[in-house]
Structures are given as structure tokens and as C-alpha cells.
> 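For reference, the structure I am asking about is given below.
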Amino acid sequence: MLITLFYFFIAVVFIQIFYYLGIFGKFAFGKPQDFTQKNIPVSVIVCAKNEEENVKKYIPLLAEQNYPDFEIVLIDDASSDETVEAFEEFEQQYSNIRLVKVENNEAFWGNKKYALTLGIKASKKEYLLFTDADCYPTSKDWITAMTSQFTMNKTIVLGYGGYEKVENSLLNKVIRFETVLTAVQYFSWAKAGLPYMGVGRNLAYKKEEFFNVNGFIDHIQVRSGDDDLFINQAANKSNTAICYNPESFTYSKPKRSYKDWFTQKRRHISTAEHYKFFDKMQLSLFFSSQLFFFLSVIILLAFQFQWIAVLAILGTRYTIVWTVIGFSAGKLKENDIKIWFPVVEIVLIFTQINIFITNLFSKPVHWK
């Protein structure tokens, strides 16, 4: 029994090494990115529902971007607070702001994709750049950096949306590690020619890509997924680029309680069941290999079976994974999580197991 488990353990480690070196290494060890301003016309699209405080802080940061040809499309999704009033003030203040007011619709009540569709149709520019109402760009060259990756063929650009650092918070380190790991995955698979998702906190595409797949119509009844399900459907090897220059990053405030973050991640993970078959399988294999790696190590060391070999393999795996995560975190300006990697990885893995089990018995709550 233990000898079978030992060989299973070796197989799992090989799977992990394949992912980290063969796939994630494409991003981790890739060259830094430069950018050159292209001045293509851009519509920055922000959809908000009850985000009064955030939009007051962050919309001016978008309006002050150092870019010659852009508009901002502000979508109020039937807010019950003062969001629309704040938007109206910005519309008066900035000549390049366009306001879209969404009324409650019985067929699409509370559906962010419906609101986004109205905003996209109202936009006047050829290229669309998306962020969330609770996000802000790291620099005035955010639009320049993101649009620099567009070419005649590359009409979808995947960006990085991070979370603010909270000092002396293990939860914050777990949240930011999970965000880095997710970014490493979708950046790396895109570089491998198999893009499967992006994040709406920082995402750009040409408007024709939206209409080529009839917008969100194929997954309109799935409340989440205006970003990752759209990319899963529309992106391919030929039309997708990534942008990881630090000037292109956006940030938002992280959840402060484990319960709130757990609820957020339940919503995100539930969307993945609608991915293409290959994407679901590669994600399942990766996360399963992480779980079985730790379970195998615990059992083999508990029985002291081939413990020297187990520790040697364990050390090899950690050296490889830590190196890949370290280089990746450095590219994404999340250097402090490198030190905490062994701890936050374990917390994240068992949180994902808890989410998977919880989602089997109840459906997560979606867009506000």
C-alpha cells in the first residue's frame, strides 16, 4: 500500500513540476515588458452598483490619464445609493465622460452582463478597456501600457488586477498570493497559446470581439463571468496578448474578513464549471495535484516510509515552485508574499477544498 502511495507521490510531483516549469515558467522567466504609446481610440468602461464612495475616489484617477484619445463610459446599474448622482457630477466636470443609466429589467434584474452590454453599445471608440468601480490604476500611463499590446492581430489584452497590501495580515497575504497564482496561470496559458480567462479589473479588447461572439448571450444566465467566461469563449492563440508592465496594473481594496473573502471566492470558482472542457481539466489536474501532494507527504512521513527520498523530493519540489513563484511575484510587484509562500499555499489549498464542498450544497450569491 505504501509503496503504491510512494510512486503516486512521485507522479504527482512530476505533474507539479510540469505545471510550474513547463507552463508557469513561460511567464516567470519571460522578459520584462516595455510599452510605446499607440494613440488608438479607447473607451474605458466602468460598471457600478452602489459604489458611491469608490467612484468618488477613483473616477478622477481615470479621467486624469495621460492619453490623447479616450472616453470614460460610466454605467450605473440601478444603484440605490448616490452613485448615479456622483456620475452625473463627473459628466458635468469632464467632457469625455459618457453616462449610461440602467433601469431595473425583470428579465435581467441584477445582471451585470446586461448593464455592461448597454455600456459597450453606448461606447464610441473602437477599443474597450475595462476596470471595476472599486479599482484604480497605478499610474497615469495605465491606458498607454494596456493598449500598447494591441496589434493588427492581437485584439484581446489580459492585464493584472492586484489587491492593496495590509500590514501584519495573514489573510491579506493569502488573498494576494491567490491573486498572483491566478494571474500566473492565465498569463502563462495565454503565452502557451491557450488563453482561458482574464479579470474584469483590468481587461481590454476590440469591440468587434464582443460582437463576434454575440456578446454575453451564451452565458447571460450565469450571473458572474462577464470577464472570464467571455475570454474563455472569445480568446485564442492568434488574438490574445498579455500586459504585465507595472504601469498597467490596477489595484483594489481586499476583503478584511475571511468570511467575506470566502464568499467572493465561492462566486469566482463556481464560474469555472462553465469553462471549455480542456480548461476545466487542466485546472482540476493542477489543484488536485496540489492537494494530493500534501496528503501523500503527510502519510508517507507519518509512517517514515522512504523518508529520505520523500524529503529529497519535497525539497526539490519546493525549490522549483518557490523559484517560479518568486520570479512571478517580482514581475507583479508582490515581493513580500515570496517569504510566506509555504504557509499561504497550504491555507489556500484547504480553503479551495472547503469552497468546493460548500458549493456542492448551496449556490453562491452573485452581482449585488
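Any value given below was found using the heavy atoms of this structure, including those in side chains, with hydrogens, waters and symmetry copies removed. None of these values were measured; they are calculated from a predicted model. Numbering starts at 1 and runs along the sequence shown.
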> Got a second to check how far C47's SG is from L116's CG, nearest 0.5 Å?
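Going from the SG atom of C47 to the CG atom of L116 covers 4.5 Å.
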
> Compare all side-chain heavy atoms of N172 with those of K165 and state whether any distance is below 4.5 angstrom.
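Heavy-atom side-chain distance check passes, below 4.5 Å.
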
> Is the closest side-chain heavy-atom distance between N202 and M146 below 4.5 Å?
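Of all side-chain heavy-atom pairs linking M146 with N202, at least one is under 4.5 Å.
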
> Minimum heavy-atom separation for G25 and V324, please, with both atom names.
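Looks like N-CG1, 4.5 Å.
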
> Of all residues at least two apart in sequence or in a different chain, which pass the ring pair (Phe, Tyr, Trp, His ring centres under 6.0 Å) check with F6?
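Ring pair (Phe, Tyr, Trp, His ring centres under 6.0 Å) check on F6 returns nothing, list empty.
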
> Could you list the cluster mates of F277? Members are the ILVMFWY residues connected by side-chain heavy atoms closer than 4.5 Å, either directly or through other members.
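Its cluster mates, by chain and number, are M281.
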
> Ring pair (Phe, Tyr, Trp, His ring centres under 6.0 Å) with Y244: which residues, sequence neighbours excluded?
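Counting only residues at least two positions away or on another chain, Y244 forms a ring pair (Phe, Tyr, Trp, His ring centres under 6.0 Å) with F27.
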
> Would you give the length of the straight line joining atom OH of Y94 to atom CD of E89, rounded to the nearest 0.5 angstrom?
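If I round to the nearest 0.5 Å, the distance is 11.5 Å.
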
> Evaluate the side chain to side chain contact (heavy atoms under 4.5 Å, CB included) criterion for residues Y160 and T179: first the C-alpha distance (whole Å), next the side-chain angles of each, then the deciding distance (0.1 Å), finally the verdict.
CA-CA 9 Å; Y160 177 65; T179 304; 4.0 Å; yes

> Would you please name every residue forming a side chain to side chain contact (heavy atoms under 4.5 Å, CB included) with T117, sequence neighbours left out?
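So T117 forms a side chain to side chain contact (heavy atoms under 4.5 Å, CB included) with K121, F210, F216.
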
> Using side chain to side chain donor-acceptor pair (under 3.5 Å), reason through D260 and S257 one step at a time and then give a plain yes or no.
CA-CA 5 Å; D260 289 342; S257 74; 3.1 Å; yes

> Ring centroid separation for Y186 and Y196, is it under 6.0 angstrom?
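No, the ring centres sit 6.0 Å or more apart.
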
> Using the test side chain to side chain contact (heavy atoms under 4.5 Å, CB included), find all partners of L229 that sit at least two apart in sequence or belong to another chain.
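So L229 forms a side chain to side chain contact (heavy atoms under 4.5 Å, CB included) with K113, H219, V222, T271, H274, Y275.
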
> What's the separation between atom CD1 in I353 and atom CG in L291, rounded to the nearest 0.5 Å?
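Output value for this atom pair is 4.0 Å.
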
> Should E345 and R317 count as an ion pair when the cut-off is N to O under 4.0 Å?
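R317 and E345: salt-bridged.
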
> Verify the distance criterion only: is there a donor paired with an acceptor across the side chains of D76 and S79 at less than 3.5 Å?
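Yes, because at least one side-chain N or O of D76 sits under 3.5 Å from a partner of the opposite role on S79.
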
> Side chains of N232 and D228: does their closest heavy-atom pair fall under 4.5 Å?
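No - every pair of side-chain heavy atoms lies 4.5 Å or more apart.
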
> So, do I242 and Q149 sit near enough that their side-chain heavy atoms are less than 4.5 Å apart?
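A side-chain contact is absent here, since even the closest heavy-atom pair is not under 4.5 Å.
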
> Who pairs with E82 by salt bridge (Lys or Arg N to Asp or Glu O under 4.0 Å), at least two apart in sequence or on another chain?
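Partners of E82 under the salt bridge (Lys or Arg N to Asp or Glu O under 4.0 Å) test: none.
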
> Return the set of residues passing ring pair (Phe, Tyr, Trp, His ring centres under 6.0 Å) with F292 (not counting sequence neighbours), or none when no residue passes.
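Here the qualifying residues are F8.
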
> Mind checking what makes salt bridge (Lys or Arg N to Asp or Glu O under 4.0 Å) contact with K265, not counting sequence neighbours?
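Listed in chain order: E178.
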
> Less than 3.5 Å apart, any donor N or O on the side chain of W189 or Q282 sitting next to an acceptor on the other?
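A pair is found: one side chain offers a donor N or O, the other an acceptor, under 3.5 Å apart.
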
> Will you find, in the side chains of K49 and T83, an N or O donor that is under 3.5 Å from an N or O acceptor?
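Checked: K49/T83 side chains show no N/O donor-acceptor pair below 3.5 Å.
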
> Answer yes or no: is there a side-chain heavy-atom contact under 4.5 Å between I75 and V46?
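They are not in contact (no side-chain heavy atoms under 4.5 Å apart), so the answer is no.
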
> Run the side chain to side chain contact (heavy atoms under 4.5 Å, CB included) test on E88 and K101 for me, step by step, so that the C-alpha distance in whole Å, both residues' side-chain angles and the decisive distance to 0.1 Å come before the verdict.
CA-CA 10 Å; E88 288 172 340; K101 300 178 183 178; 2.6 Å; yes

> Between I40 and E126, is a side chain to side chain contact (heavy atoms under 4.5 Å, CB included) present by the stated rule, with each step listed?
CA-CA 8 Å; I40 57 179; E126 187 177 9; over 6 Å; no

> Measure across V55 and A48 and return the closest heavy-atom pair with its distance rounded to 0.1 Å.
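Distance-wise, the nearest heavy atoms are CG1-CB, 4.2 Å.
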
> The test is ring pair (Phe, Tyr, Trp, His ring centres under 6.0 Å); show your working for F130 and F230 and say whether it passes.
CA-CA 13 Å; F130 297 83; F230 173 80; 8.0 Å; no

> What class does the angle between the rings of F24 and F286 fall in, given that below 30° is parallel, 30 to 60° is tilted and above 60° is perpendicular?
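Correct class here is perpendicular.
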
> Go through the structure and list residues passing side chain to side chain contact (heavy atoms under 4.5 Å, CB included) with A11, not counting sequence neighbours.
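If we apply the side chain to side chain contact (heavy atoms under 4.5 Å, CB included) test to A11, skipping adjacent residues, there are no hits.
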
> Check for a donor-acceptor pair, side chain of E209 on one end and backbone N or O of I156 on the other, with a separation under 3.5 Å.
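Side chain of E209 to backbone of I156, a donor-acceptor pair under 3.5 Å: no, none is there.
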
> Looking at T351 and V347, what are the two nearest heavy atoms and their distance?
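Distance-wise, the nearest heavy atoms are OG1-O, 2.8 Å.
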
> So which pairs with a foot in residues 40-72 pass ring-ring contact (aromatic ring centres under 6.0 Å, His included), sequence neighbours left out?
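Only Y58-Y136 qualify under ring-ring contact (aromatic ring centres under 6.0 Å, His included).
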
> Between T240 and A190, which heavy-atom pair has the shortest distance, and what is it?
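Nearest pair, atom of T240 first, then A190: CG2-CB, 4.5 Å.
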
> Mind checking the CD1-CG spacing from I175 to L348? Nearest 0.5 Å is all I need.
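Answer rounded to 0.5 Å: 10.5 Å.
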
> Classify the angle between the aromatic ring planes of F341 and W322 as parallel (below 30°), tilted (30 to 60°) or perpendicular (above 60°).
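It falls in the tilted class, 30° to 60°.
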
> Taking the six-membered ring for Trp, are Y163 and W261 closer than 6.0 Å centroid to centroid?
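No, too far apart.
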
> Would Q37 and N39 count as a side chain to side chain donor-acceptor pair (under 3.5 Å) here? Give the steps.
CA-CA 6 Å; Q37 187 161 308; N39 297 339; 2.6 Å; yes

> Closest heavy-atom contact between D77 and N111?
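Heavy atoms of D77 and N111 come nearest at OD2-O, 4.3 Å.
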
> Rounded to the nearest 0.5 Å, what separation is found between the OG1 atom of T147 and the CG atom of D141?
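Between atom OG1 of T147 and atom CG of D141 there are 10.0 Å.
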
> State, with a plain yes or no, whether a side-chain heavy atom of P137 is found less than 4.5 Å away from one of L61.
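Counting from C-beta outward, P137 and L61 do come under 4.5 Å.
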
> Centre-to-centre under 6.0 Å for F14 and Y19, is that the case here?
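That pair fails the under 6.0 Å test.
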
> So S252 and D132, side chain to side chain donor-acceptor pair (under 3.5 Å) or not? Walk me through it.
CA-CA 9 Å; S252 57; D132 286 342; over 6 Å; no

> Looking at side-chain heavy atoms only, is the closest gap between T138 and P246 below 4.5 Å?
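Answer no - side chains too far apart.
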
> Of the non-hydrogen atoms in A28 and K331, which two are nearest, and what is the gap between them?
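Looks like O-NZ, 2.7 Å.
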
> Within the structure provided, determine whether L129 and Y205 are in side-chain contact (heavy-atom separation under 4.5 Å).
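The answer is no, as the side chains (C-beta and beyond) never meet within the 4.5 Å cut-off.
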
> Sequence neighbours left out, what passes ring pair (Phe, Tyr, Trp, His ring centres under 6.0 Å) with W307? Give chain and number order.
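Result, ring pair (Phe, Tyr, Trp, His ring centres under 6.0 Å) vs W307: none returned.
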
> Checking S80 against N50: is there a side-chain donor and acceptor pair closer than 3.5 Å?
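Checked: N50/S80 side chains pair up, N/O donor to acceptor below 3.5 Å.
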
> Can you measure from CD1 (I320) to CD1 (I17) and round to the nearest 0.5 angstrom?
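Those atoms lie 4.0 Å apart.
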
> So which pairs with a foot in residues 274-301 pass salt bridge (charged side-chain N to carboxylate O under 4.0 Å, His left out), sequence neighbours left out?
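Output for this query is empty, none listed.
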
> So, N153 side chain and N239 main chain: donor-acceptor pair closer than 3.5 Å or not?
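The answer is no, because no donor-acceptor pair under 3.5 Å joins these two groups.
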
> Might you work through the salt bridge (Lys or Arg N to Asp or Glu O under 4.0 Å) test for K173 and E334, ending with a clear yes or no?
CA-CA 10 Å; K173 291 178 176 62; E334 306 281 8; over 6 Å; no

